[in-house]
Amino acid sequence: MTIPTRKAPLEPTGPIVTTETVHIVDEDGPAHDIDGIHDVATAPEVVKRFSQVARTISRFGGYIAGVLTLLLCLTIVADVIARWLAVPLTGVLELSQYLFMPVIVFLALSYAQSVGEHIRATVLIDRLSVSGALVVNLVAQAVTFLTCVILAIAATLSAEHATTIQLQAIGAVQFPLWPIKIVAAVGLYMLALQVLSGLVSMVFALRESVAERRVSGASDSGNRGLLWSAVVTISVLTLLLVCVPMPPLATGIVVITLTIILMLAGIPIGFAILIPSALGLWTLVGFNAVLVSFEDIPFNTTASWSLTVIPMFILMGTAMANFNLTSKVFKAAKQWLGQLPGGLGISTNFAGAGLAAASGSSIAITYSLGRVAIPEMLKAGYKAPLATAPVALSGTLGMLIPPSIILVIYASTAGTAVGPQLIAGVVPGITLAVLFALVILIWASIDRNAAPRSDRSSVTWTSRMQSIPGILPMTVIIFAIIGGMFGGVFTPTEAGAVGAFLAVVLGWATNRANRTGRGLATGILVSVREAVAGLAPIFLLLIGVHALTRVIALTGIADIITTAVTDLGLGRIAFLLLLIPIIILMGMFMDSMAMILLLVPVLTPTLLMLDVDMIWFGIFLVILIEIGMVTPPIGILSFVVHRVARSTARVHGKNVGLGEVFTGIVPFLIPVILLLVFIIFVPDFVLFATAG
């Protein structure tokens with residue numbers, strides 16, 4: 001998070017506070033942006049000690065989450081091997097879903113907060129003066145703290161009830177769930193403690209900033225109107241929700257509007273969605289429903305076997321990055337494509353397509369590719385929009401190119417065969433990769449300053465051929481994952497675990513410079529730590545989105561839209577063309593999984609009546625969901641890219657704004673829309689690969 005403030009002396013193990021951003025130098029890992037200001041010069045010693053204690057507790061929770069993430073990966077890999085040897089392990093699914101996942105996520109939340117990895121927007125903060133930005137951050141931190149406390153209390157009530165009834169996980173193995181619910185509550189209290197630490201530090205940072213302004217006599221009126229406008233708007237919308245009786249539809253609109261404004265105010269995106277959703281639930285069905293939802297949604301969101309794929313694919317992505325597999329693919333692509341205008345961007349795009357064939361997780365692709373490609377392009381002089389957009393759009397390819405998690409979910413919801421559904425995504429996915437490359441090529445040709453040509457004097461046919469062995473480990477991983485999934489050897493989650501395991505083994509074995517036991521241990525440690533810090537904000541966002549989806553369902557907004565569309569009595573082409581803007585709009589506010597679960601049952605009768613092939617519609621719907629993954633206000637991949645760009649600022653030295661990321665996205669939406677219109681008129685373009 002960007003917090004403009006004065007320069008402070010460097011503490012031996014504390015943060016560096018500058019006028020640009022706040023970094024924490026941690027001897028156990030790389031520098032990160034942080035969400036609080038620790039060790040402010042004028043803060044009392046007791047405050048500094050409190051910050052250190054909170055950091056230590058958060059770090060301890062992160063270490064436990066990291067160890068469990070590694071154990072989860074190894075357990076799943078062991079289960080795959082044991083099943084192949086005809087001696088399958090018992091209870092892996094139940095342990096993964098009900099033990100590993102909740103404990104990992106809830107203990108990772110405070111660690112992610114301590115290293116500043118929670119996804120947030122800084123659009124408003126970036127435009128305010130020093131004191132104004134601190135005031136907004138202070139209010140955001142206070143609201144976040146209050147929400148954390150309410151969540152922790154709800155989790156405590158849930159744990160107390162589970163303890164009373166001795167709640168058990170039921171399945172191949174049975175074990176008590178109440179200790180896990182207690183750990184979940186403890187994790188939320190740890191998060192609240194870390195947020196409180198930042199809140200207290202910000203109070204002293206604001207006091208110091210005001211004192212300095214008085215001494216220097218400097219004015220602090222910059223964008224004060226913007227600050228007060230935001231405060232008044234948030235207050236009015238909150239009062240409307242709490243005090244003014246409104247129809248459910250109006251309540252839903254106010255909730256969405258307040259969500260957007262809180263995002264812009266710098267509150268972590270998960271909380272910015274969760275807070276208005278809680279107010280909406282309170283208005284619609286009462287405060288008890290809020291408590292029940294807070295007891296139910298966080299734990300149920302994390303205790304999900306289908307979502308176990310997220311930590312596994314993120315771990316695979318971080319392992320690929322830390323064992324240099326991603327960089328080797330990127331360097332090979334740069335050797336072969338770098339001579340083109342926007343060559344680094346085109347290389348990033350096709351490297352992302354290759355990762356999509358290995359991963360299937362858009363978030364994992366974006367995270368791992370972004371950490372390599374964004375610094376490279378920014379250091380080469382690329383403008384921020386062109387340096388970030390290809391990474392975000394490459395991430396969307398993971399939703400189409402097999403193995404695709406979201407297509408598997410769609411197939412199970414729509415009742416289509418999984419194999420043909422996955423195969424149907426191959427041609428559109430490759431087509432989009434080519435179209436994205438054309439956008440980069442045209443953009444760089446028109447605006448030469450957006451992508452300066454790199455020095456190609458060292459590139460020869462010999463160097464190109466020498467780059468080919470670097471992509472072999474990734475090729476092995478891709479074939480192992482795709483072959484294993486299509487051959488029925490393992491599920492998407494198991495594919496992620498096997499991929500992470502292979503990334504570590506092959507990355508270490510092919511890394512001549514660091515092929516030592518210490519190099520292996522260090523690579524695993526850093527990969528696990530980054531995976532834990534990366535997965536926590538994603539699950540916080542999912543928790544918020546699930547709460548918002550509940551509000552959307554109660555207000556009937558989605559039903560009103562879909563019913564209005566189906567009642568128009570349109571033909572096939574007109575109906576599908578009309579769905580494009582409607583689903584894009586819904587995708588701006590709803591989770592992709594929630595959209596599938598909501599839209600497919602509602603639209604299926606109309607689609608079948610219009611003779612729309614359901615396998616084809618799955619590709620059509622997922623392409624539309626891709627747009628929602630990169631467009632505001634939720635646009636999770638854009639927020640991930642923005643976070644990666646800011647967290648790697650020490651490498652490229654650029655301050656990348658969220659607005660620049662969204663600006664870069666816009667040109668890439670044109671070919672996506674054109675492809676959608678094309679496949680409406682030529683459906684066989686999608687279906688010919690599934691014939692027979």
Gap between atom [atom2] of [Y] and atom [atom1] of [X] - 0.5 Å precision:
| X | Y | atom1 | atom2 | result |
| --- | --- | --- | --- | --- |
| Leu138 | Ser201 | CG | OG | 11.0 Å |
| Leu68 | Met101 | CG | CE | 11.5 Å |
| Arg529 | Thr318 | CZ | OG1 | 11.0 Å |
| Ile374 | Thr348 | CD1 | OG1 | 8.5 Å |
| Leu107 | Ile64 | CG | CD1 | 5.5 Å |
| Ile57 | Ser110 | CD1 | OG | 8.5 Å |

Taking the side chain as every heavy atom from C-beta outward, state whether [X] and [Y] have any pair of such atoms under 4.5 Å apart.
| X | Y | value |
| --- | --- | --- |
| Tyr63 | Val67 | no |
| Ser638 | Ile665 | yes |
| Ile153 | Tyr189 | yes |
| Ser277 | Ile273 | yes |
| Leu188 | Leu109 | yes |
| Pro268 | Thr144 | yes |
| Val255 | Leu548 | yes |
| Ile297 | Ser293 | yes |

Considering all heavy atoms, the nearest [X]-[Y] contact:
| X | Y | answer |
| --- | --- | --- |
| Leu637 | Thr366 | CD2-OG1, 3.4 Å |
| Pro667 | Thr663 | CD-O, 3.5 Å |
| Tyr111 | Arg59 | CD1-CA, 3.9 Å |
| Pro390 | Ala387 | CD-C, 4.1 Å |
| Val290 | Ala278 | CG2-O, 3.3 Å |
| Pro102 | Ile180 | CB-CG2, 3.9 Å |

>> Test side chain to side chain contact (heavy atoms under 4.5 Å, CB included) on Leu274 and Thr147; report intermediate values, then the result.
In response: CA-CA 8 Å; Leu274 192 60; Thr147 309; 4.1 Å; yes
>> Is it true that Gln52 and Arg55 share a donor-acceptor pair across their side chains at a distance under 3.5 Å?
In response: yes
>> Under 3.5 Å, is there a donor on one side chain and an acceptor on the other for Gln194 and Ser114?
In response: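 Per modelled atom types, Gln194 and Ser114 side chains form no pair under 3.5 Å.
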> Can you name the residues that form a ring-ring contact (aromatic ring centres under 6.0 Å, His included) with Phe287, not counting sequence neighbours?
Replying inline: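 Phe287 satisfies ring-ring contact (aromatic ring centres under 6.0 Å, His included) with Trp282 once adjacent residues are dropped.
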> ring-ring contact (aromatic ring centres under 6.0 Å, His included) with Phe145: which residues, sequence neighbours excluded?
Replying inline: none
Check for a donor-acceptor pair, side chain of [X] on one end and backbone N or O of [Y] on the other, with a separation under 3.5 Å.
| X | Y | value |
| --- | --- | --- |
| Thr555 | Gly252 | no |
| Asp296 | Val292 | no |
| Lys383 | Asn449 | no |
| Ser304 | Thr301 | no |
| Ser158 | Ala154 | no |

> Between His642 and Thr388, is a side chain to side chain contact (heavy atoms under 4.5 Å, CB included) present by the stated rule, with each step listed?
Replying inline: CA-CA 8 Å; His642 180 241; Thr388 54; over 6 Å; no
> Given Thr251 and Leu554, is the side chain to side chain contact (heavy atoms under 4.5 Å, CB included) satisfied, shown in steps?
Replying inline: CA-CA 10 Å; Thr251 299; Leu554 287 172; over 6 Å; no
> How far apart are the C-alpha atoms of Phe271 and Val143, what are their side-chain angles, what is the distance that settles it, and do they pass the side chain to side chain contact (heavy atoms under 4.5 Å, CB included) test?
Replying inline: CA-CA 9 Å; Phe271 288 118; Val143 173; over 6 Å; no
> Sequence neighbours excluded, which residues qualify as side-chain contact (heavy atoms from CB on, under 4.5 Å) partners of Ile253?
Replying inline: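 Partners of Ile253 under the side-chain contact (heavy atoms from CB on, under 4.5 Å) test: Leu249, Thr257.
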> When the ring planes of Phe106 and Phe299 are compared, do they come out parallel, tilted or perpendicular, using 30° and 60° as the limits?
Replying inline: parallel
